[in-house]
Amino acid sequence: MRYHCIIDAYSKDIIRQMEELYAFKSAFLQEAEEGVSYVLCRDSTVVEGLDRRISGSAAAIIAEDYCPEAVLEALGKETALEDLYLFGSGISGNELSVRLAARMKGSSVTAVHGLECKEQVTVKKMVYASHMEGTFRMKKGPYCISLAKGMDRQEPEKGTFHIIKEIRCTDVPGFVVSRKTFANASAGGLDEAKVVIAAGRGIRNRENADYLQETAEVLGGELGVSRPAAMNAWVPMNRLIGVSGAMLQPDICITAGVSGAAAFYAGIEKSKFIVAINTDEQAPIMKKADVVVADDFVPVIKALRELAEQ
Ligand SMILES: Cc1cc2nc3c(=O)[nH]c(=O)nc-3n(C[C@H](O)[C@H](O)[C@H](O)COP(=O)(O)OP(=O)(O)OC[C@H]3O[C@@H](n4cnc5c(N)ncnc54)[C@H](O)[C@@H]3O)c2cc1C
């Protein structure tokens with residue numbers, strides 16, 4: 001089996017994508033034949049500027065602005081029906097893997113964390129809010145998969161890609177009607193933060209979310225939230241932690257008013273140190289954290305902030 005990696009160079013986290021793809025191929029594709037890496041980018045200088053590579057050769061798929069439809073047109077022409085296409089974790093990887101498979105009448109599975117290619121291609125992914133691991137047999141090539149969030153990372157080998165071709169995307173008329181960029185649409189450095197305050201339903205309102213956001217900044221960190229806090233619009237949806245949001249690995253994660261449901265906990269379990277503040281001693285998070293404070297989060301966070309400000 002031959003495999004190809006697809007890297008989204010429009011995204012700020014290109015290094016993380018490459019490290020995750022490289023770790024995945026090292027773990028599961030040692031026996032497979034290496035193909036071409038496709039780098040989605042504005043111009044090929046992005047590829048030339050990389051001093052790490054995840055395969056010997058690369059093709060640059062070039063467009064001024066990222067447009068999935070145009071990328072799929074270009075990628076579809078390159079796709080070999082028996083090959084495996086490996087996309088990074090995240091929204092664009094999930095979308096492209098599913099839509100490429102649909103176009104080419106192949107198979108796709110998103111958020112994959114394991115793979116076996118013998119006579120058949122089987123992949124593993126977490127299902128039922130991370131309560132169960134599912135193993136799926138992919139029926140037909142091309143096999144298009146995207147990685148699960150928070151996969152192990154491995155630094156790719158030193159060196160530059162050999163660029164074998166540049167593929168210029170052509171406009172797909174009528175697909176993008178207009179573009180507007182929102183300044184606050186980014187979750188800042190949540191994915192890479194070393195210190196995270198993770199707030200849940202127990203913080204009760206937006207004012208407390210604002211206070212925790214400021215406190216996170218005082219600590220040099222970021223605020224993330226559980227699903228109820230995001231669904232109540234106390235903070236933007238892109239601050240959501242868990243299987244449906246960001247998978248984090250900070251040095252310290254302080255949870256406030258979070259019960260510790262499996263779907264949330266999956267997003268913080270790789271933290272080096274977890275502090276849980278919860279009024280309920282029996283909450284699941286209290287059994288998983290390194291340090292617990294069985295109290296109302298308000299005085300505890302206030303005291304922490306005062307200490308940090310001093
Ligand atoms: C398919 C699926 C995907 C999901 N994906 C996600 C996901 O990605 N992320 C996610 O977060 N959830 C996700 N969920 C929802 C998840 O299962 C939980 O419902 C959610 O995480 C609970 O959020 P919570 O801990 O904030 O709320 P609750 O479970 O209601 O917990 C609130 C906690 O706050 C404590 N508390 C109350 N007042 C205070 C106070 N004053 N001080 C301190 N503590 C206090 C309470 O004791 C309680 O333990 C998903 C669910 C499904 C089915």
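One-based numbering, in listed order, for ligands and for the atoms of each.
For atom 42 (N) of ligand 1, the closest heavy atom belonging to the protein is F297 N, 3.1 Å. With respect to atom 26 (O) of ligand 1, the closest heavy atom belonging to the protein is S226 OG, 2.5 Å. Nearest protein heavy-atom contact of atom 30 (O) of ligand 1 is R201 NE, 2.7 Å. Protein heavy atom nearest atom 13 (C) of ligand 1, with residue, atom name and distance: A263 CB, 3.6 Å. If you check which protein heavy atom lies closest to atom 21 (O) of ligand 1, you get F264 CB, 3.6 Å. Nearest protein heavy-atom contact of atom 1 (C) of ligand 1 is A129 CB, 4.2 Å. Looking only at heavy atoms of the protein, atom 45 (C) of ligand 1 is closest to T279 OG1, 3.4 Å.
Neither the backbone nor the side chain of V225 has a heavy atom within less than 4.0 Å of ligand 1. At a 4.0 Å heavy-atom cut-off, ligand 1 touches P228 through the side chain alone.
Checking each of I268, I254, V292 against I274 for a side chain to side chain contact (heavy atoms under 4.5 Å, CB included) leaves exactly one that passes, namely I268.
When the heavy-atom distances from atom 37 (C) of ligand 1 to G257, A283, G202 are ranked, the shortest goes to G202. Around atom 50 (C) of ligand 1, the closest heavy atom drawn from R227, M286, M231 belongs to R227. Selection from D280, N232, N278 by nearest heavy atom to atom 46 (C) of ligand 1 gives N278.
Counted by atom type alone, T160 and E48 present zero donor-acceptor pairs between their side chains at under 3.5 Å. T215 and R305 share a donor-acceptor pair across their side chains, judged by distance under 3.5 Å alone. With no hydrogens or angles considered, a side-chain donor-acceptor pair links N94 and S146 at under 3.5 Å. Side-chain contact check for E217 and Q213: at least one donor-acceptor pair (N or O, by modelled atom type) lies under 3.5 Å. Counting only N and O atoms by type, the side chains of S37 and S55 include a donor and acceptor under 3.5 Å apart. Defined by atom type and a distance below 3.5 Å, a donor-acceptor pair is present between the side-chain atoms of E166 and S44. A side-chain donor from one of K124 and T135 sits under 3.5 Å from a side-chain acceptor of the other. In this structure, a donor-acceptor pair under 3.5 Å is absent between the side chains of Y3 and E33.
Atoms of ligand 1 found under 4.0 Å from any heavy atom of I241, numbered from 1 in the order shown, are 7 (C), 8 (O), 9 (N), 10 (C), 11 (O). Residue-ligand proximity, D295 to ligand 1, at heavy-atom distances under 4.0 Å covers atoms 42 (N), 43 (C). Listed by number with element, the atoms of ligand 1 under 4.0 angstrom from any heavy atom of D296 are 40 (C), 41 (N), 42 (N). Of all atoms in ligand 1, listed by their number and element, those nearer than 4.0 Å to a heavy atom of S244 are 3 (C), 4 (C), 5 (N), 6 (C), 7 (C), 8 (O). Taking every non-hydrogen atom of G200 and a distance limit under 4.0 Å, the qualifying atoms of ligand 1 come out as 26 (O). Using a 4.0 Å cut-off to heavy atoms of A261, the atoms of ligand 1 that qualify are 16 (C), 17 (O), 18 (C), 21 (O). Listed by number with element, the atoms of ligand 1 under 4.0 Å from a non-hydrogen atom of L240 are 9 (N). The atoms of ligand 1 that sit less than 4.0 Å from any heavy atom of S259 are 25 (O), 28 (P), 29 (O), 31 (O), 33 (C), 49 (O).
When every heavy atom of E73 is checked against every heavy atom of V172, the shortest pair comes out as CG-CG2, 4.2 Å.
Between the K270 side chain and the G150 main chain, a donor and an acceptor come within less than 3.5 Å of each other.
For atom 19 (O) of ligand 1, the nearest protein heavy atom is 4.0 Å or more away.
Relative orientation of the H4 and Y85 rings is parallel, given thresholds of 30° and 60° on the angle between their planes.
At most 12 non-hydrogen atoms from other residues, nucleotides or ligands lie less than 6.0 angstrom from CD of E31.
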